[in-house]
Amino acid sequence: MSTVAAQASSAAGGGLSDVASSEASLRRFLHGLPGVDAVGLEARAATLGTRSIKTTAKAYAIDLAISMIDLTTLEGADTVGKVRALCTKGRNPDPTDQTTPRVAAICVYPDMVATAKAALNGTDIQVASVATAFPAGRASLPVKLADTADAVAAGADEIDMVIDRGAFLSGHYLSVFEEITAVKEACKRPDGTAAHLKVIFETGELQTYDNVRRASWLAMLADADFIKTSTGKVAVNATPPVTLLMLEAVRDFKEQTGVQVGVKPAGGIKTTKDAMKYLVMVNETLGDDWLSPHWFRFGASSLLNDLLMQRQKLTTGRYSGPDYVTVD
């Protein structure tokens with residue numbers, strides 16, 4: 001058992017069932033987690049970033065990265081046509097090479113879920129929808145739950161919610177916990193199945209690594225299926241140290257509970273080289289169990305084009321350039 005998992009077990013009295021029974025117990029648990037060694041964390045992230053992937057392994061890694069992408073359009077000017085075009089690209093990222101993997105999901109606003117669902121009919125590509133007043137999260141809980149329920153009713157397979165950063169930074173941890181659990185409940189369908197819930201921290205606004213660790217444990221205690229760094233709508237989004245910290249958190253959570261949780265870095269990951277660094281980080285921290293779209297995603301639509309160009313280079317020996325891939 002890792003140091004964090006061991007201390008978490010001790011702080012929780014050997015179990016986690018009563019951690020969120022009150023504000024005081026939840027605060028005691030979260031603040032009982034060991035502090036993050038910022039220098040050590042950043043040094044390890046930098047070291048992992050120097051690892052290289054070559055030849056056959058690189059080809060495999062590129063295909064794996066493509067299969068992990070949540071291809072996203074979240075703009076006020078989104079149209080039905082744009083969403084359908086994005087779905088077409090997700091189904092067939094490189095029309096010149098039918099061996100190219102499909103992406104993991106198409107992520108849209110709730111009002112575009114039905115359009116995406118219809119466009120992806122017959123595929124295993126998931127439809128993800130941002131809800132809970134994305135990206136700011138500034139809405140009442142009933143509004144957030146209605147937003148979630150509408151997306152699920154329209155066919156969303158996954159919900160990406162944002163936490164109330166103001167409540168979290170004010171130390172109102174139980175309020176954030178209860179909001180996550182309520183949204184998780186709203187993800188349920190009448191047939192008993194449920195959309196998977198990704199919980200977005202907006203780590204660029206959480207101020208400290210200790211807060212990222214606390215937010216990670218808080219969301220996992222609230223039964224999140226994935227923890228996600230960012231909305232992609234602020235100045236600082238996914239970074240290697242923050243993602244490494246979240247990977248370590250899900251590792252420690254599984255050691256303590258046996259429950260596996262996914263991780264999604266989002267925003268600012270634009271090149272194949274970047275993606276390879278993150279895959280190395282996942283492999284070195286969590287192993288093969290997480291090297292799957294079921295457990296790791298990239299929220300990075302612009303990344304796909306670079307992956308496709310690098311894939312074409314490996315396949316044909318020629319670098320085709322950006323004009324040979326579609327513009328999102």
Side-chain angles (χ1 to χ4, degrees), residues 69-88 90-91 103-168 175-202 219 222-234 261-262 264 266-267 293 297 299 301 328:
I69 286 178
D70 283 5
L71 197 58
T72 303
T73 183
L74 297 171
E75 303 297 336
D78 284 344
T79 64
V80 168
K82 183 177 180 181
V83 170
R84 286 174 177 164
L86 198 70
C87 291
T88 297
R91 294 176 67 134
V103 301
I106 301 294
C107 186
V108 294
Y109 276 117
D111 64 317
M112 289 292 179
V113 167
T115 296
K117 195 72 176 177
L120 296 171
N121 185 43
T123 76
D124 59 357
I125 300 173
Q126 303 293 287
V127 175
S129 180
V130 296
T132 65
F134 177 95
R138 309 298 335 155
S140 67
L141 182 58
V143 170
K144 293 179 179 182
L145 297 181
D147 200 24
T148 302
D150 284 348
V152 173
D157 302 295
E158 302 172 357
I159 294 295
D160 289 29
M161 73 165 285
V162 288
I163 66 167
D164 183 339
R165 280 87 74 196
F168 180 88
S175 173
V176 178
F177 176 91
E178 290 175 341
E179 184 168 279
I180 296 171
T181 58
V183 174
K184 177 79 173 183
E185 184 69 21
C187 288
K188 292 182 178 178
R189 307 184 184 97
D191 64 1
T193 62
H196 282 188
L197 178 63
K198 305 194 199 84
V199 178
I200 309 170
F201 302 145
E202 201 68 288
D223 206 20
D225 297 296
F226 262 74
I227 54 176
K228 177 179 172 183
T229 63
S230 322
T231 63
K233 300 293 187 181
V234 298
V261 177
K264 178 181 173 181
R297 298 281 183 83
S301 291
D328 298 333

ask   = Partners of T231 by side chain to side chain donor-acceptor pair (under 3.5 Å), sequence neighbours excluded?
value = E202
ask   = Residues in side chain to side chain donor-acceptor pair (under 3.5 Å) with E178, at least two apart?
value = none
inquiry  = For V103 versus L71, what's the shortest heavy-atom pair and its separation?
reply    = CG2-CB, 4.3 Å
task = Please list, chain by chain and in numerical order, all residues satisfying side chain to side chain donor-acceptor pair (under 3.5 Å) with S140, sequence neighbours excluded.
result = none
ask   = Is any side-chain heavy atom of I200 closer than 4.5 Å to a side-chain heavy atom of I163?
value = no
inquiry  = With a 4.5 Å cut-off on side-chain heavy atoms, are L197 and F226 touching?
reply    = no
query = Hey, does L86 have a side-chain heavy atom less than 4.5 Å from the side chain of V83?
reply = no
message = Can you tell me how far apart CD (E185) and CG (L145) are? Round to the nearest 0.5 Å.
response = 9.5 Å
inquiry  = Check this for me, if you would: do K184 and E179 make a salt bridge, where the nitrogen-to-carboxylate-oxygen distance has to be below 4.0 angstrom?
reply    = no
key: side chain to side chain donor-acceptor pair (under 3.5 Å) partners for T73, two or more places apart   = D78, K82
inquiry  = Under the rule for side-chain contact (heavy atoms from CB on, under 4.5 Å), what residues qualify as partners of T88, not counting sequence neighbours?
reply    = none
inquiry  = Looking at every heavy atom in both A195 and D225, which two are closest together, and how far apart are they?
reply    = O-OD2, 4.3 Å
inquiry  = Could you tell me if the side chain of F168 sits less than 4.5 Å from the side chain of F201, heavy atoms only?
reply    = no
inquiry  = Quick check: closest heavy atoms across Y109 and E75, and the distance to 0.1 Å?
reply    = CE1-N, 3.8 Å
Main-chain N/O of I125 paired to T123 side chain as donor or acceptor, under 3.5 Å = yes
task = Evaluate the side-chain proximity of P110 to D147: yes if any heavy-atom separation is below 4.5 Å, no if none is.
result = yes
ask   = Do D191 and T193 get their side chains close enough for a donor-acceptor pair, meaning under 3.5 Å?
value = yes
query = Is there a side-chain contact between R165 and V176, using heavy atoms and a 4.5 Å cut-off?
reply = no
When the side chains of residues 148-162 are checked against the rest of the protein, which donor-acceptor pairs come out under 3.5 Å, sequence neighbours left out?
residue: T148; atom: OG1; partner: K144; partner atom: O; Å: 3.0
residue: D157; atom: OD1; partner: K117; partner atom: NZ; Å: 2.9
residue: D157; atom: OD2; partner: K117; partner atom: NZ; Å: 3.0
residue: D157; atom: OD2; partner: V127; partner atom: N; Å: 2.8
residue: E158; atom: OE1; partner: K198; partner atom: NZ; Å: 2.5
residue: E158; atom: OE1; partner: R297; partner atom: NH1; Å: 3.0
residue: E158; atom: OE2; partner: R297; partner atom: NH1; Å: 3.3
residue: E158; atom: OE2; partner: R297; partner atom: NH2; Å: 2.7
residue: D160; atom: OD1; partner: K198; partner atom: NZ; Å: 2.9
residue: D160; atom: OD2; partner: K228; partner atom: NZ; Å: 2.9
residue: D160; atom: OD2; partner: K264; partner atom: NZ; Å: 3.1

message = Once rounded to the nearest 0.5 Å, what's the spacing between atom CZ of R84 and atom CD1 of I106?
response = 14.0 Å
